[in-house]
Amino acid sequence: MTMRLRFAPSPTGYLHIGGARTALHNWLLTRKNGGVFLLRIEDTDRKRSKPEFEEQILRDMTWLGLDWDEGPSKGGDYGPYRQTERQGRYTQYIERMLAEGTAYRCTCSKERLTAVREAAQAKGDKPKYDGHCRDLNLGPDCGEHVVRFKAPLTGQTVVADLVKGDVAFNNEELDDFIIQRSDGTPTYNFVVVVDDHEMGVTHVVRGDDHLNNTPKQQMLYEALGLPVPQFGHLPIILGNDGGKMSKRHGDTSVGAYRDKGFVPEALFNYLTRLGWACGDMEHFTADEAVAAFGLDGVAKAGAKWDMDKLSWLNQQWIMGLDTADLAQRCLPHYAEAGIEPDERLEAVVATVQARAKTLVDLVAASAFYFAADADLEWDDKAVKKFLKPATGPLLRELADALEGAPEWSESALEAVVKDFCTAREIGLGKVAQPIRVSMTGQKAGPGLYEMLVAAGKPMALRRMRGGADRCPPADG
RNA sequence: GACCCCUUCGUCUAGUCAGGUCAGGACACCGGGUUUUCAUCCCGGCAACACGGGUUCGAAUCCCGUAGGGGUCACCA
């Protein structure tokens, strides 16, 4: 039987990294086993759901490299894939349960329910419905009512979880929960069961926070006589203080990481590795992850978000990218920074490729190449330390020498600079940092010769001479 | 409060199911080397089995208990 897995986001906000990881695990498991990955949009919360959130979620998933086989914009034989478009198909299941006596109408007022709950809490018991209408056999004309599931009173419901193992719940802990509201709409725990069944879902892999819903859903499957899917509950992502990951721990949306210059391969890599391990695999591609993945390798405990490791992985990925590809990926970030790169882009990017943890860093590190000479940012300490009175003439003479270099290549420039130093019996240190400061305004930057070549002859000579002008006059 | 889940270096984890290597790797951190910058790269170091009982010749691993952390308790999904 073909494995069918699903990811069911609510379009009430952006794609959270926790949701992204859930989607990732589902995707990985599907691709590993040649199954079908479907997307279901749970948009029944009409007040908070917005089409633009749905678009954003789909866009972020695509960016991360997660594709789906069935769902919005894809279609499929089990649609529609938006819950608001599925309303109406739930009533037949409700009717059946009512007819078979596994559900009943309840006319208890909210006031009474609140009173019952408060009384239970006062006694220290778990708040639950007291079953007032359970055996009243109320008919359809009983007035305003909800429909409740007639849950088993005794015994246990054991969830055979793929991640946590068998988890047993005493049925007396659960109550006759509502499956249809007084306005006629079905509730989440009921809808999920019907949808997952109708969509042929064989494995429900979702966040830890749903584990307590699972016995309810399992009971519903059993009451309806439907096959129970396999369940797997993934631990959630925690902030560095051990609490639930939230904005105060850092960015929580996939989009924020894209905007900050993380490449999707790195986020994918990090998210997969967070709470999952396969031997010593640390830096891997999606294909490698698919080949190695299994729910048995998923940790049972929550994992803390570690920006340092994500950054390291991002740097590793950036270093490994083809330079032309990397240059393309930087374009939006240059635009964001108000920089218009020219034809030197690829050569420029090559000089800073190993010097950036994010694309935003990379753009910042290469900004000096594209800045107007007058707009260079000067580090006062660097200027004071390396552009001294005696440096000016040296810089000027070296610029003249470089101007006559046989060709504008790293090896040719290196030969000219070395000869220059040898002839004057000075160390390379006397000119290397002054050149760098003149070029960049800063004391750290790309390698000397690669930088001169990437900058191009006109800019290199101009800036060296400009640096010379910046040196204080020899007589003070 | 009740129920459920969880607990190996600061962090992510291997090892646990089939008890027996100085408890392994990675990030971070510290030190050294390469690069007359920075980054990369290389070498080295620091650092953990939550606690208490048991079972056993031997326990991170099996059993019991305790503590701590997290999650869930809606006519929300």
Side-chain angles (χ1 to χ4, degrees), chain A residues 8-10 12 42-45 47-49 83 106 108 110 113-114 117 120-128 144-148 159 161 163-165 167-170 172-175 177-189 191-192 207-215 233 235-236 238 240-244 270 273-283 296-297 299-313 315-316 319 351-357 361 365 382 386 427-433 435-437 440 442-448 451:
Chain A
S10 294
T12 54
E42 307 209 326
D43 57 352
T44 53
D45 185 341
K47 285 179 293 244
R48 296 192 300 144
S49 295
Q83 277 182 338
C106 166
C108 291
K110 287 188 181 177
L113 261 21
T114 307
R117 190 181 311 130
Q121 274 170 334
K123 277 201 304 177
D125 288 341
K126 187 161 184 164
K128 47 184 264 189
E144 180 168 314
H145 65 275
V146 298
V147 176
R148 287 182 183 274
V159 175
D161 194 272
V163 176
K164 311 276 188 184
V167 183
F169 296 84
N170 287 320
E172 57 186 291
E173 296 291 337
L174 282 66
D175 68 352
F177 56 93
I178 293 169
I179 57 178
Q180 186 179 78
R181 303 182 186 94
S182 51
D183 67 1
T185 58
T187 58
Y188 171 75
N189 280 119
V191 166
V192 160
D208 222 347
D209 45 342
H210 284 286
L211 186 54
N212 289 299
N213 279 327
T214 309
H233 288 91
I236 60 169
L238 308 171
N240 44 233
D241 61 355
K244 200 170 184 176
Y270 178 72
R273 184 64 180 70
L274 185 67
W276 174 82
C278 178
D280 291 339
M281 275 176 75
E282 295 285 352
H283 181 197
D296 51 337
K300 293 182 177 186
K304 292 177 185 165
W305 187 256
D306 181 0
M307 265 315 287
D308 285 334
K309 191 149 186 180
L310 206 211
S311 293
W312 172 76
L313 268 175
Q315 181 172 32
Q316 292 296 308
M319 286 192 296
T351 68
V352 289
Q353 186 158 6
R355 294 178 165 79
K357 287 192 181 299
D361 284 352
F386 297 110
L428 189 55
K430 282 271 190 261
V431 294
Q433 280 301 78
I435 293 175
R436 174 166 292 104
V437 174
T440 68
Q442 307 292 313
K443 57 178 174 284
L448 200 56
M451 172 172 64

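All values below were derived from every heavy atom in this structure, side-chain atoms included, with hydrogens, water molecules and symmetry-related copies excluded. Since the model is a prediction, treat every value here as computed from it, not as a measurement. Letters A, B, ... are given to chains in the order of the sequence lines, protein chains preceding strands, and every chain is numbered from 1.
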**Student:** Polar pairs (N or O, both sides) under 3.5 Å between protein and nucleotides 24-29 of chain B?
**Tutor:**
from  : atom 1 : to       : atom 2 : distance (Å)
B/G25 : N2     : A/Arg273 : NH2    : 3.0
B/G25 : N2     : A/Glu282 : OE2    : 2.9
B/A26 : O4'    : A/Glu282 : OE2    : 3.4
B/A26 : N3     : A/Lys309 : NZ     : 3.2
B/C27 : O2'    : A/Lys309 : N      : 3.3

**Student:** Ignoring backbone atoms, test whether A/Lys164 places a side-chain nitrogen or oxygen under 4.0 Å from the OP1 or OP2 oxygen of B/C5.
**Tutor:** no

**Student:** With rounding to whole Å, what would you report as the distance between B/C46 and B/C30 at their P atoms?
**Tutor:** 16 Å

**Student:** Can you tell me how far C1' in B/U7 sits from the matching atom in B/C12, rounded to whole Å?
**Tutor:** 15 Å

**Student:** At 4.0 Å (heavy atoms only), tell me whether A/Ala432 reaches a base, stays on the sugar-phosphate, or touches nothing.
**Tutor:** nothing

**Student:** Salt-bridged, A/Arg148 to A/Asp175, with N to O below 4.0 Å?
**Tutor:** no

**Student:** Using the P atom as the reference point in each nucleotide, state the distance between B/A14 and B/A26 in Å, no decimals.
**Tutor:** 15 Å

**Student:** Under 4.0 Å, counting only non-hydrogen atoms across every strand here, what does A/Asn213 touch: a base, just sugar-phosphate, or nothing?
**Tutor:** base

**Student:** Between B/C17 and B/G25, how far is it from one P atom to the other, in whole Å?
**Tutor:** 22 Å

**Student:** For A/Gln316 and A/Gly297, take the nucleotide of RNA chain B holding the closest heavy atom to each; which residue's nucleotide lies nearer the 5' end?
**Tutor:** A/Gly297

**Student:** Among B/A77, B/U40, B/G71, find the nucleotide with the atom closest to the side chain of A/Asn189.
**Tutor:** B/A77

**Student:** Under 4.0 Å, heavy atoms only, any strand: does A/Val146 hit a base, just the sugar-phosphate, or nothing?
**Tutor:** base

**Student:** May I ask you to say what A/Gly275 touches in the nucleic acid, namely base, sugar-phosphate or nothing, with a heavy-atom cut-off under 4.0 Å?
**Tutor:** sugar-phosphate

**Student:** Using atom P in both nucleotides, what's the gap between B/C5 and B/C64 to the nearest angstrom?
**Tutor:** 13 Å

**Student:** Side-chain donor or acceptor of A/Thr187 under 3.5 Å from a matching atom on the base of B/C75?
**Tutor:** no

**Student:** Look only at the side chain of A/Tyr270 and the backbone of A/Trp305, and say whether a donor-acceptor pair between them is shorter than 3.5 Å.
**Tutor:** no

**Student:** Applying a 4.0 Å non-hydrogen cut-off, can you work out what A/Thr12 is touching in the nucleic acid: base, sugar-phosphate, or nothing?
**Tutor:** nothing

**Student:** Suppose we define a pair by two distances each less than 3.5 Å, Watson-Crick or G-U wobble; what does B/A50 pair with here?
**Tutor:** B/U66

**Student:** Quick check against the 3.5 Å criterion: does A/Asp241 have a side-chain atom that pairs as donor or acceptor with the backbone of A/Gly243?
**Tutor:** yes

**Student:** Please report the distance, rounded to the nearest Å, between CG in A/Leu174 and P in B/A74.
**Tutor:** 12 Å

**Student:** Taking the C1' atom of each, how far is B/A59 from B/U40, in whole Å?
**Tutor:** 44 Å

**Student:** Could you give the CG-to-P distance, from A/Asp296 to B/U13, as a whole number of Å?
**Tutor:** 15 Å

**Student:** With a 4.0 Å cut-off on heavy atoms, is A/Pro235 in touch with a base, just the backbone sugar-phosphate, or nothing at all?
**Tutor:** nothing

**Student:** I need the CG-P distance between A/Leu238 and B/G69, as an integer number of Å.
**Tutor:** 13 Å

**Student:** Distance between the C1' atoms of B/U8 and B/A23, in whole angstroms?
**Tutor:** 8 Å

**Student:** For B/C75, take OP1 and OP2 only and decide whether either is under 4.0 Å from a side-chain N or O of A/Lys110.
**Tutor:** no

**Student:** So, do A/Thr440 and A/Met451 sit near enough that their side-chain heavy atoms are less than 4.5 Å apart?
**Tutor:** yes

**Student:** Considering Watson-Crick and G-U wobble pairs with both distances under 3.5 Å, what does B/C57 pair with?
**Tutor:** B/G20

**Student:** Between B/U72 and A/Lys244, is there an OP1 or OP2 to side-chain N/O distance shorter than 4.0 Å?
**Tutor:** yes

**Student:** For A/Val146, is there any backbone N or O sitting under 3.5 Å from a side-chain donor or acceptor partner on A/Ser182?
**Tutor:** no

**Student:** What distance, rounded to whole Å, do you find between the two P atoms, one in B/A48 and one in B/U55?
**Tutor:** 29 Å

**Student:** Is a side-chain N or O of A/Gln433 found less than 3.5 angstrom from the main chain of A/Lys443, in a donor-acceptor match?
**Tutor:** yes

**Student:** For B/A2, give the paired nucleotide (Watson-Crick: N1-N3 plus N6-O4 or O6-N4; G-U: N1-O2 and O6-N3; both under 3.5 Å), or none.
**Tutor:** B/U72

**Student:** What nucleotide among B/C41, B/U13, B/A77 has an atom nearest to a side-chain atom of A/Ser10?
**Tutor:** B/A77

**Student:** Less than 3.5 Å apart, any donor N or O on the side chain of A/Thr185 or A/Asp183 sitting next to an acceptor on the other?
**Tutor:** yes

**Student:** Rounded to the nearest angstrom, tell me the gap between atom CG in A/Asn212 and atom P in B/C6.
**Tutor:** 12 Å

**Student:** Determine yes or no for a side-chain-to-main-chain donor-acceptor pair under 3.5 angstrom, with A/Arg273 supplying the side chain and A/Cys278 the backbone.
**Tutor:** no

**Student:** Taking a pair as Watson-Crick or G-U wobble with both distances under 3.5 Å, which nucleotide is matched to B/A14?
**Tutor:** none

**Student:** Quick one: A/Ile236 CD1 to B/U7 P, roughly how many Å, whole number?
**Tutor:** 15 Å

**Student:** What does A/His233 touch in the nucleic acid at a heavy-atom separation under 4.0 angstrom: a base, only the sugar-phosphate, or nothing?
**Tutor:** nothing

**Student:** My understanding is that a pair needs two contacts under 3.5 Å, Watson-Crick or G-U wobble. By that rule, which nucleotide pairs with B/G45?
**Tutor:** B/C29

**Student:** When you measure from the side chain of A/Asp45, which nucleotide among B/A39, B/G71, B/A77 comes out closest?
**Tutor:** B/A77

**Student:** Scan every strand shown for a Watson-Crick or G-U wobble partner of B/U35, both distances under 3.5 Å, and answer none if you come up empty.
**Tutor:** none

**Student:** From B/C4, B/C12, B/C38, pick the nucleotide closest to the side chain of A/Arg355?
**Tutor:** B/C38

**Student:** Nearest whole Å is fine: how far is B/C73 P from A/Lys128 NZ?
**Tutor:** 16 Å

**Student:** Please report the interatomic distance OG1(A/Thr187) to CD1(A/Ile178), rounded to the nearest 0.5 Å.
**Tutor:** 7.5 Å

**Student:** Within the supplied structure, the quantity of interest is the number of heavy atoms (other residues, nucleotides, ligands) at a distance under 6.0 Å from A/Lys128 NZ; does it exceed 12?
**Tutor:** yes

**Student:** Between A/Ala168 and A/Gly243, who's closer to the 5' end of RNA chain B by nearest nucleotide?
**Tutor:** A/Ala168

**Student:** So does A/Lys357 get a backbone contact from the side chain of A/Ser311, meaning a donor-acceptor N/O pair under 3.5 Å?
**Tutor:** no

**Student:** Base, sugar-phosphate, or nothing: which does A/Ala356 touch, judged by heavy atoms less than 4.0 Å apart?
**Tutor:** nothing

**Student:** Indicate, with a heavy-atom threshold strictly under 4.0 Å, whether A/Lys443 touches base, sugar-phosphate, or nothing.
**Tutor:** base

**Student:** Among B/A77, B/U37, B/U40, which nucleotide sits nearest the side chain of A/Ala444?
**Tutor:** B/U37

**Student:** Could you tell me the separation between the CG atom of A/Leu211 and the C1' atom of B/C6, rounded to a whole number of Å?
**Tutor:** 11 Å

**Student:** Need one value for A/Phe177: base, sugar-phosphate or nothing, where a base atom within 4.0 Å counts as base even if backbone is also close, heavy atoms only.
**Tutor:** nothing

**Student:** Calculate the interatomic distance between A/Arg148 atom CZ and B/A74 atom P; express it in whole Å.
**Tutor:** 11 Å

